[in-house]
2 protein chains.
Amino acid sequence: MIVLDIKSRKPIYEQLTEKIKELIMHDVFQPDEQLPSVRQLAGELAINPNTIQKAYRELEREGFIYSLPGKGSFVKEQTSMANKQRVEQLKNELLALISEALYLGISKKEITELAEKAEQSVKGGKGID
Amino acid sequence: MIVLDIKSRKPIYEQLTEKIKELIMHDVFQPDEQLPSVRQLAGELAINPNTIQKAYRELEREGFIYSLPGKGSFVKEQTSMANKQRVEQLKNELLALISEALYLGISKKEITELAEKAEQSVKGGKGID
DNA sequence: TTAAGTGTATTATTTAAATTAGTACAGTTG
DNA sequence: CAACTGTACTAATTTAAATAATACACTTAA
């Protein structure tokens, strides 16, 4: 299910964080569904459990999962604007990236189209507006 | 003018790349204006010339500057959709970031507002659309 | 209650990346 | 010619990522 590129310059835990994030956002994992355990996933991917845990810790920090010691790690259901700090950080990153896009000649219309494309593929998230 | 955080987890050359990018996008540097030389900037910031060169190489790759051996490094004037590869990469990054934003509860309206805010602060770029 | 699972934490070691250091070469400019 | 410029290269050092090996407290089902 999850494939890592061991030759990539990008650290394994980052690749893992991104992939799981995508699986959650595209509803491959349902809310409150249990993720593979740290040791199990480490075995499947043939990497160290500590690296898996690092990815899970990051996913928890970013508001995608929650962990219960002794039970497991689970997909977090999205409530409205759960993680304020993370949301602020994301907005800053978006502003920087959009600025660069506009500077390099991508139009505002194209960015709006990207937002609509994203909206269709991302099922999750509370319909807030 | 440029301040680096030596204690940051982010590599120095990345910090430098981002800061110079911002200065160019916000018209602190004019098109075809000469940037400080590799050695001069290394002296001012008290870091190694090789690190500066790495940042300049990245800025050149991303389409923000051009370098003439023997003469110097200069701000690149933006022509319409200059660097196709970079533009495609940027769109992919934007799509991923916008998807995450939507998932975490940021509305499409907020994203549009960010785009407008960016448009005002970024003077550069050809008015293409 | 016990055995096997869970997340989490710690220390040490190894491997990979970032940074520094020193030197060199070819082109430009006054 | 002298003093700049970008670029390239190798070596050494420092920092970060990843592995390895345990350990502890908690949960769950046998």
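Sequence lines set the chain letters: A, B, ... in the order given, protein chains first and strands last, and positions in each chain run from 1. Computed over heavy atoms, backbone and side chain alike; hydrogens, waters and symmetry mates excluded.
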Engineer: For dA18(D), does either OP1 or OP2 sit under 4.0 Å from a side-chain N or O belonging to Y13(A)?
Structural biologist: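 Checking Y13(A) against dA18(D): no side-chain N or O falls below 4.0 Å of OP1 or OP2.
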Engineer: Could you check how far CG of L41(B) sits from P of dC4(D), rounded to whole Å?
Structural biologist: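 Between P of dC4(D) and CG of L41(B): 16 Å.
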Engineer: Mapping S67(A) and S8(A) to their closest nucleotides on DNA chain C, which lands nearer the 5' end?
Structural biologist: S67(A)
Engineer: Under 4.0 Å between a side-chain nitrogen and a carboxylate oxygen: does that hold for E22(B) and K19(B)?
Structural biologist: no
Engineer: Choose from dT19(C), dG6(D), dA17(D) the nucleotide whose nearest atom is closest to any side-chain atom of T51(B).
Structural biologist: dT19(C)
Engineer: Applying salt bridge (charged side-chain N to carboxylate O under 4.0 Å, His left out) to K54(B) and E14(B), what does each step give before you reach the verdict?
Structural biologist: CA-CA 9 Å; K54(B) 189 170 184 180; E14(B) 277 188 29; over 6 Å; no
Engineer: Using a 4.0 Å heavy-atom cut-off, does E60(A) contact any base of the nucleic acid, only the sugar-phosphate backbone, or nothing at all?
Structural biologist: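 Contact class for E60(A): sugar-phosphate only.
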Engineer: Under the side-chain hydrogen bond (donor to acceptor under 3.5 Å, both in side chains) rule, what do Q89(B) and Q85(B) come out as? Steps first, then yes or no, please.
Structural biologist: CA-CA 6 Å; Q89(B) 184 190 352; Q85(B) 287 190 348; over 6 Å; no
Engineer: Both Q40(B) and I12(A) contact DNA chain D. Taking the nearest nucleotide for each, which residue is further toward the 5' end?
Structural biologist: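 The residue closer to the strand's 5' end, by nearest nucleotide, is Q40(B).
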Engineer: Can you measure F74(B) atom CZ to dT5(D) atom C1' for me and round it to whole angstrom units?
Structural biologist: 9 Å
Engineer: Quick one: is dG7(C) close enough that its OP1 or OP2 comes under 4.0 Å of any side-chain N or O from S73(A)?
Structural biologist: yes
Engineer: Whole Å only: how far is the CG atom of L4(A) from the P atom of dA17(D)?
Structural biologist: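 Rounded to the whole Å, the gap is 16 Å.
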Engineer: So, under a plain 3.5 Å distance rule, would you say the side chain of R39(A) forms a donor-acceptor pair with the base of dG7(C)?
Structural biologist: yes
Engineer: Assess the side chains of Q40(B) and E44(B): does a donor N or O sit below 3.5 Å from an acceptor N or O?
Structural biologist: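 Yes, side-chain donor-acceptor contact under 3.5 Å.
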Engineer: If you compare every side-chain N and O of K71(B) against the phosphate oxygens of dT29(C) (OP1, OP2), does one of them come in below 4.0 Å?
Structural biologist: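 For dT29(C), OP1/OP2 do have a side-chain N/O of K71(B) under 4.0 Å.
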Engineer: Taking the side chain of Q53(B) as its heavy atoms from C-beta onward, which of dT27(D), dA8(D), dA9(C) lies nearest to it?
Structural biologist: dA8(D)
Engineer: Rounded to whole angstrom units, what separation is found between the CZ atom of R9(B) and the C1' atom of dT19(C)?
Structural biologist: 18 Å
Engineer: I need the CD-P distance between Q15(A) and dA17(D), as an integer number of Å.
Structural biologist: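 Checked: the CD to P distance equals 14 Å.
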Engineer: Once you round it to whole Å, what is the distance between P of dA20(D) and CG of N48(A)?
Structural biologist: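 In whole Å, dA20(D) P and N48(A) CG are 6 Å from each other.
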Engineer: When you measure from the side chain of N50(B), which nucleotide among dC9(D), dT19(D), dG7(C) comes out closest?
Structural biologist: dC9(D)
Engineer: To the nearest Å, give me how far apart CD (E14(B)) and C1' (dT19(C)) are.
Structural biologist: 13 Å
Engineer: Nearest to the side chain of S37(A), heavy atoms from C-beta on, is which of dA17(D), dT7(D), dG7(C)?
Structural biologist: dG7(C)
Engineer: Among the nucleotides dT27(D), dG6(D), dT8(C), which one has an atom lying closest to any side-chain atom of V38(B)?
Structural biologist: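 So the side chain of V38(B) is nearest to dG6(D).
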Engineer: Take atom CD of E58(B) and atom C1' of dT7(D), then tell me their distance rounded to the nearest Å.
Structural biologist: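 In whole Å, dT7(D) C1' and E58(B) CD are 17 Å from each other.
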Engineer: Out of the candidates D27(B), L35(B), D32(B), only one should pair with V75(B) under the side-chain contact (heavy atoms from CB on, under 4.5 Å) rule; please name it.
Structural biologist: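 When side-chain contact (heavy atoms from CB on, under 4.5 Å) is applied between V75(B) and each of D27(B), L35(B), D32(B), only L35(B) qualifies.
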